[in-house]
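Take a look at the structure set out below.
On a predicted model such as this, the values are computed, not experimentally measured, just so you know. Both counts, for ligands and for their atoms, begin at 1 and track the order of listing.
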Amino acid sequence: MYLHNIFTRTHSLCKCHFVRKISAQITERKFDNRKYQYDLLVIGGGSGGLACAKETALLGRKVAVLDYVDPSARGTTWGLGGTCVNVGCIPKKLYHQAALLGKAIKDSKSYGWNFDESKIIHDWGTLKDAILGHVRSLNWGHRVQLKQKNVDYFNAKGSFITRNEVEILHKTGKKENFSAENIVIAVGGRPKYPDIPGALEYGITSDDVFSLEKPPGKTLVVGGSYVALECAGFLTGLGFDTTVMVRSICLRGFDQQMATLIANHMANDGTKFLHGCIPLKIEKAADLLTVKWESKDKQLHEDTFNTVLFAIGREAYTKNLGLEKIGVEFHPDSRKIVGQNEQTSVPNIYAIGDVLLGKPELTPVAIKAGRLLSHRLFGGSTQEMDYENVATTVFTPLEYGCVGLSEEEAIHRFGDNQIEVYHAFYKPLEFSLPQKDASQCYIKAIVSKTNKKIVGLHFLGPSAGEVIQGYSTALRCGFTLEHLQQTVGIHPTCAEEIVKLNITKASGLDPTVTGC
Ligand code: FAD
Ligand code: NDP
């Protein structure tokens, strides 16, 4: 058996080597008369760009990827990998985990752990250094992977000269031009600043918050969506006095019942909210920032903070790409690229990830779109990216995972009397001993009355991201209420409450789960 395994491995290694040699010969031959230096040039080495470049290299094509980070207004900069790795998902999730651990320490007392609570302190510097260390290891990992896969990587900024030529500006100031048959724009986005006095001078964004040298202290977070609520959630969890200033509603585009529950949970957890307010001005005196703002009733207010974090959305980073010159169509306000199946208005130029207009700004979306595009361009595939029913999770720090339609969107699409909502308030078993408030732990499934298909599933509670992931496959397979209700749960878990859903909103019955 052992020998057989060795033989099979050796044989397959040889076979692999042979195939690689042959394909290298074919590739070389293909490149002999090449008109362009590269089959594919990717501008932007983030989630989408790296995935597309690596996949294309695996298909035997000659690929280059350019990645360059312009420093933030505060001078923060980072390595290869884009937003997710450096200033997005990864550091965010680790800060979120730090906040959850802080809560777990407190909860542990009711589980018999005995310690002097006054001696527990959190050290921002230790956490920040550990997270940045991990991020640097990911930056390095990306560089190694590109090398192993024969992708030419340049830490340089790209801009179009013609539809097939890109100017490369190296860090040293050196310029050169590369030509490519196909070009993918994967430059992502950067956080926006409001146009008010002091914002750019004194404010920070998500580009800076994860690497602050000093703890942020008393913080004002401006914005009401993903980034704002997640940052406010972990800052509160780490013990900072945190206020969120919301202009209109929280989590626009999400199910608003869920959004309200999240805001309530955060408020119960200690995050302060200023609803219906907009900032007017920031001034600095000594080390303190004075923020002046206006409330809905036109009253003026002010308070002092150590840090003001703007999380008011992101704009596509396409300003200096030279899109106008080559005729790539983009939206005049957001500067996002208009495209159909990742194809821009110029036939050999494509766009993937956050830079693409009207698509979910999520890492797995950028990665999948990049890989599928590569296979369509170079692998003979016709498979298109499906942007519908993408699951997502907001880490606030009670997690909210969802897939499919919000209740509002389902009503809009099918009509009020064409959907049934099944729901439940439940108490995670783990909350029992510390007697934690579970009043926001809530689930709802939105069901089409016509075919009983589940069109939206929403889960607010511990580990929602882990819970909801599998349901995105189920939704894709068209699962129905019957499938859900026939599923046997895993006991004792929070996730089992989903398969136990049996009370409709319309019935008016109390949806609180009692007992097992
Ligand atoms: P990016 O990752 O932004 O990469 C673009 C790269 O191109 C960057 O490195 C940029 O510097 C570079 N570049 C720009 N212009 C040029 C140029 N001219 N030449 C060369 N290089 C250039 N998504 C999730 O799925 N889950 C999460 O939990 C999550 N959390 C997030 C938290 C925060 C705080 C933020 C801001 C985002 C979060 N996201 C999350 C979204 C996710 O990070 C993005 O959707 C994803 O990174 C988009 O990938 P991309 O390849 O389109 O662009
Ligand atoms: P969004 O565009 O989703 O939200 C912007 C927020 O800022 C809204 O609440 C908006 O309010 C508010 N706002 C806009 N302009 C102003 C202003 N001038 N003054 C005050 N408030 C203002 O941006 P985010 O940065 O939160 O998120 C960007 C994307 O990143 C998301 O769409 C998401 O896909 C991705 N992301 C994903 C995460 C995850 O998967 N967990 C986490 C974080 C980000 P209003 O509603 O009134 O317009």
Side-chain angles (χ1 to χ4, degrees), residues 42-52 65-71 77-93 95-96 142 154-160 166-169 184-196 199 205-207 209-210 221-231 244-254 259 276-280 293 309-322 334 351-356 359-367 369-370 390-396 399-401 465:
V42 180
I43 310 179
S47 311
L50 289 177
C52 186
V65 61
L66 315 175
D67 189 61
Y68 186 85
V69 181
D70 279 319
T77 187
W78 51 87
L80 178 63
T83 305
C84 171
V85 167
N86 295 284
V87 286
C89 332
I90 300 296
K92 182 276 306 289
K93 182 84 189 282
Y95 276 96
H96 166 69
H142 279 306
F154 301 93
N155 182 198
K157 199 165 169 173
S159 58
F160 286 96
V166 170
E167 181 188 88
I168 316 290
L169 173 63
V184 168
I185 304 169
V187 296
R190 293 293 287 266
K192 290 193 282 196
Y193 274 91
D195 188 15
I196 58 165
T205 68
S206 55
D207 280 356
V209 70
F210 303 115
V221 179
V222 183
S225 205
Y226 265 108
V227 176
L229 297 190
E230 290 189 339
C231 290
V244 184
M245 186 182 284
V246 184
R247 164 169 88 170
S248 56
I249 54 169
C250 283
L251 291 172
R252 183 179 298 286
F254 282 90
C277 296
I278 48 164
L280 299 175
W293 73 88
L309 192 162
F310 289 105
I312 61 162
R314 300 170 63 79
E315 62 190 352
Y317 207 57
T318 54
K319 221 170 241 162
N320 301 316
L321 270 183
S334 67
I352 52 171
D354 284 8
V355 78
L356 206 48
K359 305 290 187 261
E361 293 176 24
L362 296 168
T363 278
V365 169
I367 292 175
V390 173
T392 184
T393 291
V394 190
F395 301 87
T396 38
E399 296 180 12
Y400 164 44

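Atom 42 (C) of ligand 1 has Thr363 OG1, 3.5 Å as its closest protein atom, hydrogens excluded (heavy atom only). Distance from atom 33 (C) of ligand 1 to its nearest protein heavy atom, with residue and atom name: Gly88 CA, 3.5 Å. Atom 45 (O) of ligand 1 has as its closest protein heavy atom Asp354 OD1, 2.8 Å. Protein heavy atom in closest approach to atom 4 (O) of ligand 1: Gly46 CA, 3.2 Å. Of the protein's non-hydrogen atoms, the one nearest atom 8 (C) of ligand 1 is Asp67 OD1, 3.5 Å. Counting protein heavy atoms only, atom 30 (N) of ligand 1 is closest to Lys92 NZ, 2.9 Å. For atom 18 (N) of ligand 1, the closest heavy atom belonging to the protein is Gly158 O, 3.0 Å. Atom 2 (O) of ligand 1 has its closest protein heavy atom at Thr83 N, 3.0 Å.
An N or O contact shorter than 3.5 Å links Tyr68 to ligand 1 by distance. Here's the thing with Arg314: none of its N/O atoms is less than 3.5 angstrom from an N/O atom of ligand 1. Close N/O approach between Val227 and ligand 1 is not found [any backbone or side-chain N/O within under 3.5 Å]. Of the polar atoms of Trp78, none of the N or O atoms is found under 3.5 Å from an N or O of ligand 1, judged by distance alone. Polar contact check, Ser47 against ligand 1: a nitrogen or oxygen pair lies under 3.5 Å apart. Every N/O-N/O distance between Glu230 and ligand 1 stays at or above 3.5 Å.
Of all the heavy atoms of Lys157, the ones lying under 4.0 Å from any atom of ligand 1 are found in both the backbone and the side chain. Residue contacts with ligand 1 for Ala186 involve N, CA, C or O but no side-chain atom from C-beta outward (heavy atoms, distance under 4.0 Å).
Ion pairing between Lys157 and Asp70 holds under the 4.0 Å rule for side-chain N and carboxylate O.
Residues Leu80 and Tyr68 have side chains not in contact (no heavy-atom distance under 4.5 Å, counting atoms from C-beta outward). At a threshold of 4.5 Å between non-hydrogen side-chain atoms, the residues Ser206 and Val87 do not count as touching. Side-chain contact between Leu229 and Cys250 is present, with heavy atoms from C-beta onward closer than 4.5 Å.
The closest donor-acceptor contact from the side chain of Asn155 to the backbone of Leu66 lies at 3.5 Å or more, if one exists at all. The closest donor-acceptor contact from the side chain of Asp354 to the backbone of Gly188 lies at 3.5 Å or more, if one exists at all. For Tyr95 (side chain) and Cys231 (main-chain N/O), no donor-acceptor pair under 3.5 Å exists by modelled atom type.
Among Gly48, Gly82, Gly370, Gly189, the residue whose heavy atom lies nearest to atom 51 (O) of ligand 1 is Gly48. Considering each of Leu50, Val65, Ile43, Val87, the one bringing a non-hydrogen atom nearest atom 34 (C) of ligand 1 is Val87. Of the candidates Gly353, Pro191, Cys89, it is Cys89 that places a heavy atom closest to atom 31 (C) of ligand 1.
In this structure, the separation between SG on Cys52 and CD1 on Ile367 is 12.0 Å, given to the nearest 0.5 Å.
Per-residue contacts place Leu321 under 4.0 angstrom from the following atoms of ligand 1 (heavy atoms of the residue considered): 18 (N).
At least one heavy atom of Ala156 sits less than 4.0 Å from an atom of ligand 1.
Taking the six-membered ring for Trp and thresholds of 30 and 60 degrees, Tyr226 and Phe254 have ring planes more than 60 degrees apart, a perpendicular arrangement.
Listed by chain and number, Lys92, Val222, Gly223, Gly224, Ser225, Tyr226, Val227, Glu230, Arg247, Ser248, Arg252, Ala311, Ile312, Gly313, Arg314, Glu361, Leu362, Thr392, Thr393, Phe395 each place a non-hydrogen atom less than 4.0 angstrom from ligand 2.
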If you look only at distance, which donor and acceptor atoms sit under 3.5 Å apart when one is on a side chain in residues 309-316 and the other is two or more places apart or in another chain?
| residue | atom | partner | partner atom | Å |
| --- | --- | --- | --- | --- |
| Arg314 | NH2 | Thr83 | OG1 | 3.3 |
| Arg314 | NH2 | Gly189 | O | 2.7 |

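Qualifying salt bridge (Lys or Arg N to Asp or Glu O under 4.0 Å) partners for Arg190, counting only residues two or more places apart in sequence or in other chains: Asp207. For Cys277, the side chain to side chain contact (heavy atoms under 4.5 Å, CB included) partners are Met245, Leu274, Trp293, Ser295, not counting sequence neighbours.
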